[in-house]
Visitor: 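Could you have a look at this structure, given as structure tokens, before my questions?
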Amino acid sequence: MSLLSKLFGGSKSAEPDEKIETYKDFKITPTPIREGSKFRLSARIDKDLNGEARSHTLIRADLFGGQDEAAEASVLKARQMIDEQGERLFS
């Protein structure tokens, strides 16, 4: 991310802490997106299916005041989606 983008709150993903969590054989990486002074809920959900790496990007409208708060909410939402959809996330 460029210096100007960092200074003026560009809309790129915040620098992930690489806090990857494994949940039911899925890997969840929170990737909050900075939007001005807020952070949008976002995460990447990964899983190997039949030897093929699959990935789903989760982005929601929810905004949070802090990056850690957005990351925590992103993981919780990703878990919920895994519980509801399982491997259908990748269809």
Visitor: Rounded to the nearest 0.5 Å, how far apart are OG of Ser74 and CZ of Arg44?
Guide: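 Result: 12.5 Å between the selected atoms.
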Visitor: Under 4.5 Å between any side-chain heavy atoms of Asp83 and Tyr23, yes or no?
Guide: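 Yes, close enough: below the 4.5 Å cut-off.
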Visitor: Can you give me the closest heavy-atom contact between Gly86 and Phe26, atom names plus distance?
Guide: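 For Gly86 versus Phe26, the nearest heavy atoms are C-CZ, 3.7 Å.
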Visitor: Can a donor-acceptor pair be found between the side chains of Ser42 and Thr31 at a distance below 3.5 Å?
Guide: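 Checked: Ser42/Thr31 side chains pair up, N/O donor to acceptor below 3.5 Å.
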Visitor: Donor-acceptor check, side chain of Arg79 to backbone of Leu76, threshold 3.5 angstrom: yes or no?
Guide: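 Side chain of Arg79 to backbone of Leu76: no pair is present.
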Visitor: Within this structure, what is the NZ-CD1 distance for the pair Lys77 and Ile28, rounded to the nearest 0.5 Å?
Guide: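 Lys77 NZ to Ile28 CD1: 12.5 Å, rounded to 0.5 Å.
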Visitor: Any idea which heavy atoms bring Pro30 and Lys19 closest together, and the distance?
Guide: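 Looking at all heavy atoms of both residues, the closest pair is CD-O, 3.2 Å.
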Visitor: Roughly how far apart are Phe64 CZ and Arg40 CZ, rounded to 0.5 Å?
Guide: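 Answer for the CZ-CZ pair, Phe64 versus Arg40, is 10.5 Å.
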Visitor: Could you state the interatomic distance from CD (Gln85) to CD1 (Ile45), rounded to the nearest 0.5 Å?
Guide: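 The distance works out to 8.5 Å.
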Visitor: Enumerate donor-acceptor pairs with a distance under 3.5 Å from any side-chain N or O in residues 47-62 to protein atoms, sequence neighbours excluded.
Guide:
unit_1 : atom_1 : unit_2 : atom_2 : d
Lys47  : NZ     : Glu87  : OE2    : 2.9
Arg54  : NH2    : Phe90  : O      : 2.5
Ser55  : OG     : Asp46  : OD1    : 2.9

Visitor: From Ile33 CD1 over to Gln67 CD, what is the distance, rounded to the nearest 0.5 angstrom?
Guide: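 CD of Gln67 is found 11.5 Å from CD1 of Ile33.
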